[in-house]
Amino acid sequence: MTENNRWPNLFIVGAVKSGTTSLWAYLRQHPEIYFPDLKEPHYFTHPQPAPEQRHCIRYIASAEEYLRLYASAAEIRYRGDASPSYLWSTIAAREIAETCPEARIIAILRDPVERAYAQYLMDFNEGVTDLDFYSALQRDWSRADKGWGVSQLYVELGLYHQQIQRYFSYFGRDRVKILFLAELQKKPIQTLQDLARFLDVSAEPFLHIDVHQAHNHYARPRGNWARRLAGHPISRTIGERFFPERWGNYIWRNLFLREEKKPPMDTQAKAWLIDRFAADIEALETLLKRPLPELRRSWHEGGTPPPSLRSFSAETHLR
């Protein structure tokens, strides 16, 4: 295999906390698709994490090390990279297009309010923050310094319109597949069969995988000791350097966490997030030429839909 064709040609680009781990786990079971054990190399994002977060961010910086991830891919048709930072990054789409011009792109999106809350719960469980959700949102939104591994980007990671537009611009609509977490959860086999058509691979292998196994489902630390240990630079460094990623994830989920029902979202935080995301989703509906109720499914739970939802007209966005 020459160096040129060792580059990946399939990218799951995000969004963060939107089902990328499940999608990665499903696709890598297909014989025509190869994903390395390191799910998120973040190579094309070129992270520059802040010193206090450097132990939390694992990434690959050199082309030589990145290409080594695919050394055992042999002649498998697709070589994949599942780095959710690529959707948010303002440079990743262009660099992927320049380096891997024939690549196929998969983006999986989630209700951005739910997405931000899921990310916050992960951050809280891992000791990244001790703040309540609304306070964490305000602190992150008001920061002057933003970036992958610098701030949490609770809002920015859910502003999908320009992110999707970038990939359309560089790859064209025919090589960018937009999925929704709600669909993957509701009808996983049909979603995977649709992906098989997009990738022009056999759909038959997807009929034999376990799509009921939960990946990255909500769980709570067994105590503050677990949160402190998870967020400590020494324990994170040991975990990354001496254990394969899948071992570390298994130990974390089975020894340090216990499954519990997800706590309800603070209503003040939800209302604030809806104000941030409403116009962006409307712009994305125009771009995709279809209504997107999948991205608003939490917005009117337990109450009356906001005015923008009550007046929403699918016909307006499909003209």
Polar contact flag, side-chain donor to acceptor under 3.5 angstrom, [X]-[Y]:
X: R115; Y: Q119; answer: yes
X: D111; Y: S298; answer: yes
X: Y117; Y: D266; answer: no
X: T191; Y: D194; answer: no
X: Q29; Y: H208; answer: no
X: Y34; Y: S72; answer: yes

Got a second to check how far [X]'s [atom1] is from [Y]'s [atom2], nearest 0.5 Å?
X: L184; Y: L195; atom1: CG; atom2: CG; answer: 8.5 Å
X: K177; Y: L10; atom1: NZ; atom2: CG; answer: 13.0 Å
X: S202; Y: R197; atom1: OG; atom2: CZ; answer: 12.0 Å
X: Y170; Y: I105; atom1: OH; atom2: CD1; answer: 12.5 Å
X: L109; Y: E294; atom1: CG; atom2: CD; answer: 9.5 Å
X: E32; Y: R77; atom1: CD; atom2: CZ; answer: 6.0 Å

Side-chain ([X]) to main-chain ([Y]) donor-acceptor, under 3.5 angstrom:
X: T129; Y: L131; result: yes
X: R143; Y: V150; result: yes
X: S135; Y: D132; result: no
X: S18; Y: V16; result: yes
X: S151; Y: G147; result: yes
X: R166; Y: S89; result: yes
X: E65; Y: A61; result: no

Do you know which two heavy atoms are closest between [X] and [Y], and how far apart they sit?
X: P84; Y: W148; result: C-CH2, 4.4 Å
X: D280; Y: G158; result: OD2-O, 4.0 Å
X: Y160; Y: A15; result: CE2-CB, 3.8 Å
X: K17; Y: A118; result: CE-O, 4.0 Å
X: L157; Y: W88; result: CD2-CB, 3.4 Å
X: F198; Y: R104; result: O-NH1, 2.6 Å

With a 4.5 Å cut-off on side-chain heavy-atom distances among I, L, V, M, F, W and Y, is there a chain of contacts connecting [X] to [Y]?
X: Y154; Y: L121; result: yes
X: L207; Y: V211; result: yes
X: L179; Y: I189; result: yes

More than 12 non-hydrogen atoms from neighbouring residues, nucleotides or ligands closer than 6.0 Å to [atom1] on [X], yes or no?
X: Q165; atom1: CD; answer: yes
X: R173; atom1: CZ; answer: yes
X: E98; atom1: CD; answer: yes

So, [X] and [Y], do they make that salt bridge, N to O below 4.0 Å?
X: D37; Y: R28; value: yes
X: K187; Y: E183; value: no
X: R296; Y: E285; value: yes
X: K146; Y: D140; value: no
X: R79; Y: E75; value: no

Tell me, please, which residues at least two apart from E102 pass salt bridge (Lys or Arg N to Asp or Glu O under 4.0 Å).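 Here no residue qualifies.
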Given F277 and V113, is the side-chain contact (heavy atoms from CB on, under 4.5 Å) satisfied, shown in steps? CA-CA 8 Å; F277 292 130; V113 175; 3.9 Å; yes
Between [X] and [Y], what is the ring plane arrangement, given parallel below 30°, perpendicular above 60°, and tilted in between?
X: W7; Y: F44; value: tilted
X: F124; Y: Y120; value: tilted
X: Y66; Y: Y43; value: parallel

Mind checking whether [X] and [Y] have side chains closer than 4.5 Å, heavy atoms only?
X: H46; Y: E95; value: yes
X: L295; Y: P112; value: yes
X: L284; Y: I164; value: yes
X: L38; Y: R58; value: yes
X: P205; Y: P31; value: yes
X: Y26; Y: I33; value: no
X: L199; Y: Y78; value: yes
X: Y59; Y: P49; value: yes

Using the test side-chain contact (heavy atoms from CB on, under 4.5 Å), find all partners of R276 that sit at least two apart in sequence or belong to another chain. W141, V155, W272
side-chain contact (heavy atoms from CB on, under 4.5 Å) evaluation trace for L27 with F206: CA-CA 8 Å; L27 291 181; F206 289 136; 3.6 Å; yes
Begin from the C-alpha positions of R297 and E114 and carry the test side-chain contact (heavy atoms from CB on, under 4.5 Å) through to its verdict. CA-CA 9 Å; R297 68 177 187 174; E114 290 183 334; 3.1 Å; yes
Applying side-chain contact (heavy atoms from CB on, under 4.5 Å), run through F35 and K39 and close with a yes or a no. CA-CA 7 Å; F35 278 94; K39 171 182 173 273; over 6 Å; no
